[in-house]
Amino acid sequence: MEKKELINSGKVKSVFNTEKDDEVIIEFRDDMTAGDGARKEVMDKKGAYNAVISAKIFNVLEENGVETQFIDLPEVNVMLAKKLDMIPIEVIVRNIATGSLVRRYPIEEGKKLDPPIVEMDYKDDEYHDPMLNRSLIRALDIATDEEVNILAEKALKINEVLTEFFKDAGIILVDFKVEFGKDKDGNILLGDEISPDGCRLWDAETLDMLDKELFREGKDSEVMDAYVEVYNRIIPDDEKVI
């Protein structure tokens, strides 16, 4: 496996071409950002923990019928993945009302959402990821109605699988965001990452936060302890690599 030219350098990951046209290398950096990148810090081994957590979650999802771009984890902070043409939509699934949802709507903090709420946002920092509806998606020409249905169905399937997976680890999956892309054959696959960067995770007993929200609230000293706690709970001892 050899890195070729850099395709994209995002806020926390860098994506490189490989010698194969249909594969990429995703490097998870130690950067931590908030506010569309307005606030940045570097946290030791953060990239490695997110990469290993994401790899584990992708494997669990694959075992439960959700296709992902994940191929292998040759290094603790490096993922080999199928090359996808990413759809610029963030799909958000909410199981408990908190965060921006209760700031934007008259919904009680902590309310259990049954069925879960599925939101779709336009992934673009310049526009601050505004919420989409089907009409806007058509106008932007970023997905068909059929593809929107597929994104929602896949996101709910991911929620079903991961709710139980985290429950077994004593963690509540409050909400999460995912991204999808199309492979060389036009199939829609789960891409990017699923980690404490893009999920709200609460300890099932104490309701303590175990995710990036700690950084957003300025509790920088607690962030990596939370990420390590998630890693230790979901990665079996014989699979630990950090």
Side-chain angles (χ1 to χ4, degrees), residues 1-4 6-20 22-33 41-84 158 161-173 176-179 189-204 208-215 220-242:
M1 184 190 68
E2 182 182 348
K3 290 181 187 176
K4 298 296 185 179
L6 177 69
I7 301 173
N8 178 57
S9 183
K11 291 193 287 289
V12 298
K13 296 187 295 296
S14 299
V15 184
F16 300 86
N17 275 324
T18 70
E19 60 272 13
K20 294 186 177 180
D22 59 348
E23 294 181 1
V24 293
I25 291 170
I26 304 173
E27 182 179 278
F28 288 66
R29 306 194 309 270
D30 290 340
D31 300 318
M32 177 74 81
T33 70
E41 297 290 343
V42 175
M43 298 195 171
D44 186 42
K45 297 184 181 179
K46 181 257 189 180
Y49 280 106
N50 272 0
V52 176
I53 288 170
S54 291
K56 177 63 177 180
I57 289 173
F58 282 166
N59 279 326
V60 168
L61 291 171
E62 289 274 3
E63 291 167 3
N64 285 274
V66 178
E67 291 184 289
T68 79
Q69 73 173 145
F70 177 73
I71 297 174
D72 193 15
L73 197 72
E75 300 176 36
V76 291
N77 69 322
V78 174
M79 184 181 290
L80 179 64
K82 299 169 188 174
K83 190 173 188 177
L84 300 181
I158 291 166
V161 173
L162 293 189
T163 294
E164 289 304 311
F165 174 69
F166 281 117
K167 182 179 179 181
D168 289 343
I171 297 172
I172 298 170
L173 179 60
F176 64 92
K177 64 180 178 181
V178 285
E179 297 178 34
L189 308 183
L190 173 66
D192 195 46
E193 67 176 296
I194 299 182
S195 73
D197 270 14
C199 303
R200 275 195 178 88
L201 304 170
W202 293 350
D203 180 272
D208 288 341
M209 293 182 289
L210 299 171
D211 57 71
K212 184 179 174 179
E213 193 66 21
L214 290 164
F215 181 71
D220 296 20
S221 63
E222 301 177 32
V223 174
M224 286 314 303
D225 287 343
Y227 282 46
V228 172
E229 181 68 20
V230 173
Y231 169 86
N232 284 331
R233 291 199 198 185
I234 71 170
I235 307 294
D237 287 343
D238 60 353
E239 295 179 20
K240 285 186 167 61
V241 292
I242 305 174

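- D211 places a side-chain N or O within 3.5 Å of a backbone atom of L201 that can act as its donor or acceptor partner.
- Between M32 and Y227 the shortest side-chain heavy-atom distance falls below 4.5 Å.
- The shortest heavy-atom contact between C199 and L173 is CB-CD1, 4.3 Å.
- Side-chain atoms of V52 and V241, non-hydrogen and from C-beta on, do get closer than 4.5 Å to each other.
- Without hydrogens or angle criteria, K240 side chain to I235 main chain gives a donor-acceptor distance under 3.5 Å.
- In this structure, CD on Q69 lies 10.5 Å from CD on E193, to the nearest 0.5 angstrom.
- No side-chain donor-acceptor contact under 3.5 Å links D30 to the backbone of V42.
- Atoms CD1 and CG, on I57 and L190 in that order, are 10.0 Å from each other to the nearest 0.5 Å.
- Between D22 and K20 there is no salt bridge, since no side-chain N of the basic residue sits under 4.0 Å from a carboxylate O of the acidic one.
- The salt bridge (charged side-chain N to carboxylate O under 4.0 Å, His left out) search around D203 returns R233, not counting sequence neighbours.
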Worked verdict on E23 versus K82 for salt bridge (charged side-chain N to carboxylate O under 4.0 Å, His left out): CA-CA 4 Å; E23 294 181 1; K82 299 169 188 174; over 6 Å; no
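- The minimum heavy-atom distance linking R29 with G10 is given by the pair NH2-O, 2.7 Å.
- With sequence neighbours excluded, the residues satisfying side chain to side chain donor-acceptor pair (under 3.5 Å) with D208 are T206.
- Taking 4.0 Å as the cut-off between side-chain N and carboxylate O, E19 and K4 do not count as a salt-bridged pair.
- Rounded to the nearest 0.5 angstrom, M43 CE and D220 CG are separated by 4.5 Å.
- Formation of a donor-acceptor pair under 3.5 Å by the T18 side chain with backbone atoms of V24 is not found in this model.
- Applying the ring pair (Phe, Tyr, Trp, His ring centres under 6.0 Å) test to pairs two or more places apart or on separate chains, none has a residue in residues 54-73.
- Summarising the geometry, atom OG belonging to S221 is positioned 9.0 Å from atom CG belonging to L214; distances are rounded to the nearest 0.5 Å.
- The distance from atom CD1 of I25 to atom CG of N17, rounded to the nearest 0.5 Å, is 9.0 Å.
- A side-chain donor-acceptor contact under 3.5 Å links E62 and T68.
- For D225, there are no side-chain contact (heavy atoms from CB on, under 4.5 Å) partners, not counting sequence neighbours.
- Atom-to-atom distance recorded for I234:CD1 and F165:CZ is 4.5 Å, nearest 0.5 angstrom.
- Residue E27 qualifies as enclosed at atom CD: its count of foreign heavy atoms under 6.0 Å is above 12.
- The backbone N or O of S14 sits nowhere less than 3.5 Å from a side-chain atom of S9 that would complete a donor-acceptor pair.
- Judged as a salt bridge (Lys or Arg N to Asp or Glu O under 4.0 Å), the pairs with a partner in residues 41-50 (not counting sequence neighbours) are, in order, K46-D197.
- Across every non-hydrogen atom of A55 and L73, the tightest pair is CB-CD2, 4.1 Å.
- For the pair L6 and V15, the minimum side-chain heavy-atom distance is 4.5 Å or more.
- A salt bridge links K56 with E239: at least one charged nitrogen is closer than 4.0 Å to a carboxylate oxygen.
- No side-chain heavy atom of L80 sits under 4.5 Å from any side-chain heavy atom of I26.
- Two residues are said to be in side-chain contact when any heavy atoms from C-beta on lie closer than 4.5 Å; I7 and K83 meet this criterion.
- Using a 3.5 Å distance cut-off with no hydrogens or angles, the side chains of N50 and K13 do not pair a donor with an acceptor.
- Residues satisfying the ring-ring contact (aromatic ring centres under 6.0 Å, His included) test with Y231, not counting sequence neighbours, are Y49.
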